[in-house]
Amino acid sequence: MSTRPARLRQLLESPVLAFLMEAHNALSARIAEEAGFGGIWASGLSIAAALGVRDANEASWTQILDVVEFMADAADSPILMDGDTGYGNFNNVRRLIAKLEPRGIAGVCLEDKLFPKTNSFHHGDTQPLAAVDEFCGRIRAAKDTQRDPDFVVVARTEAFIAGCGLTEALVRAHAYADAGADAILVHSAKRTPEEVLSFKQAWDRPLPVIAVPTKYWDTPTVVFRRHGFAALIWANHLLRSSIAAMQAAAAQIFADQSVCRVEPAIAPLSEVFRLQRAEELESAEQRYLPNPSRVWPAVNQ
C-alpha cells in the first residue's frame, strides 16, 4: 500500500472531486475513516474547541501535535493538518514539518496570516495578512524541510476573508505556487460561493484548488465538480454534531434526573469498546501473556 502522503497527493491530484472530513481527536478520526472518507482534516478550530480554548493559538503547537499524533494512530486515512500560520515564521514552520512527518501526518495547510491568528469567521476581516514574500518563505521552508517528496503543503489564502478581492487572491496564490506549494486552499466567509468560483474560473495553474463550504453549505456539490475543484473540506461538522448531541443529552438527563429516556438514543458501551478496538487487545493478551485473565465485554452486547 502506498504511503499516507502519497495517498493524500493522489486524492488531491485526481480528476475526481475528493472530500476530507474534519476530525478533532482520535475517536472522531476513526469515525470519519469508518464512514468512508479517504482523507481527514485535522481542524485547528475543532481541536481547540475540544480542548476548551479559542481558535487563537491558545493551545500550543505541541499540544496540537499530541492530538494529531493520536489521530494518526487511530486512523490510516491520510491526515491534512490545519497548521494555522505555521505557529510563527519560517523557522517555526521547519520545526513543525520535522515533527509532523515522523508522526504519520500526510500534509499541512498553512494560511497567510500572522501569529497568533484569529478564526476566519470570527472577526477574521480585522486581522492583517502576512506579506507575500514572508509567507512564501514559510512555504519554501516547509518544502525544504520535508523528507518524503509526497508530503503535501497546502497554501491557504485568506485574501477574500480580509476583504482584499479577487486580484489580491490570485496574486497571492500565484506567488505561493511559485514558492512550491502543492495545492491552494481558497477561503471565503460569504454566504454564497461566488468568490471561490470566481477564483477557480480565473486560476490558470495546474495546482489543485480546495474549497471549504462552511458558510455556503447549501451549494450543490455538482457546482464544485463543474468548476474543477480538487477537494472539499467539511471543516467542523463532526465537532458541531457532537456538541449538539452532548447538549441535548445533558439537558435531558438534568431535566429528568434519570437516563431512561437518553439511554436508547446513545451509543451502547459495546460500541465504545469496538471503537477502542478492545478485541485487538484481548487477542494480544491471548498471544503474549502467560496466563491471560482479563475478560473484555463482548462488542455485540
Side-chain angles (χ1 to χ4, degrees), residues 3-14 17-23 37-47 61 64 68 71-72 77-87 90 92-94 96-97 99-101 103-113 117 120 129-130 132 135-146 148-161 169-170 172-188 196 199-200 203 205-214 224 228-236:
T3 65
R4 291 172 177 176
R7 279 183 279 143
L8 178 60
R9 183 173 292 275
Q10 291 162 6
L11 203 68
L12 296 179
E13 294 179 352
S14 167
L17 179 65
F19 303 96
L20 278 70
M21 172 54 79
E22 165 264 325
F37 286 96
I40 294 171
W41 170 251
S43 163
L45 166 63
S46 297
I47 293 172
W61 74 275
I64 303 298
V68 297
M71 290 170 62
S77 295
I79 294 173
L80 176 61
M81 178 193 174
D82 179 3
D84 290 340
T85 64
Y87 309 104
F90 78 93
N92 302 92
V93 170
R94 293 196 300 180
L96 176 63
I97 304 304
K99 299 300 181 182
L100 289 178
E101 281 195 286
R103 287 165 172 79
I105 306 304
V108 68
C109 180
L110 302 174
E111 61 192 66
D112 56 358
K113 295 195 293 193
K117 54 80 65 81
S120 301
L129 299 178
V132 173
F135 187 71
C136 286
R138 291 186 231 168
I139 296 170
R140 289 194 299 271
K143 296 304 295 179
D144 287 346
T145 303
Q146 70 183 68
D148 187 335
D150 286 322
F151 185 86
V152 175
V153 175
V154 177
R156 166 174 160 177
T157 180
E158 297 275 300
F160 287 135
I161 298 291
L170 287 168
R172 286 176 171 270
H174 281 111
Y176 304 159
D178 291 340
D182 299 299
I184 300 296
L185 189 156
V186 57
H187 210 12
S188 172
V196 298
F199 177 92
K200 188 63 179 70
W203 183 242
R205 300 289 185 91
L207 239 57
V209 176
I210 303 168
V212 187
T214 298
F224 302 105
F229 283 87
L232 299 179
I233 295 176
W234 312 120
N236 42 58

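Side chains included, hydrogens not; waters and symmetry mates left out as well; all remaining heavy atoms used.
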- line: With sequence neighbours left out, the residues meeting salt bridge (charged side-chain N to carboxylate O under 4.0 Å, His left out) with R9 are E13, D150, D182

Check whether any side-chain N or O of [X] sits under 3.5 Å from a backbone N or O of [Y] as a donor-acceptor pair, and report yes or no.
X	Y	value
E158	S120	no
R205	A173	no
R138	T85	yes
R4	G104	yes
E22	S43	no
D84	E111	no

First locate atom [atom1] of [X], then atom [atom2] of [Y], and finally report the distance between them rounded to the nearest 0.5 Å.
X	Y	atom1	atom2	result
L45	D82	CG	CG	8.5 Å
N236	T214	CG	OG1	4.5 Å
Q146	F151	CD	CZ	6.5 Å
L232	F224	CG	CZ	5.5 Å
I105	I79	CD1	CD1	4.5 Å
L17	I210	CG	CD1	10.5 Å

message: Could you go through M81 and I64, starting from their C-alpha distance and side-chain angles, then the distance that decides it, and tell me whether this counts as side chain to side chain contact (heavy atoms under 4.5 Å, CB included)?
response: CA-CA 10 Å; M81 178 193 174; I64 303 298; 3.6 Å; yes

Could you pull out the closest heavy-atom pair between [X] and [Y], with the gap in Å?
X	Y	answer
F90	A141	O-CB, 3.7 Å
A175	C136	O-SG, 3.6 Å
I233	P213	O-CD, 3.6 Å
A155	I139	CB-CD1, 3.8 Å
I161	S188	CD1-C, 3.6 Å
L110	A142	CD1-CB, 4.4 Å

Non-hydrogen side-chain atoms of [X] and [Y] separated by less than 4.5 Å:
X	Y	value
R103	L100	no
V212	W41	no
F229	P208	no
I184	F199	yes
Y176	L207	no
F135	R172	no
L20	F37	no
V108	V93	no

- request: Please check if atom NZ in K99 has more than 12 non-hydrogen atoms from other residues, nucleotides or ligands closer than 6.0 Å.
  value: no

task: Apply side chain to side chain donor-acceptor pair (under 3.5 Å) to T157 and D112, showing your working.
output: CA-CA 6 Å; T157 180; D112 56 358; 3.2 Å; yes

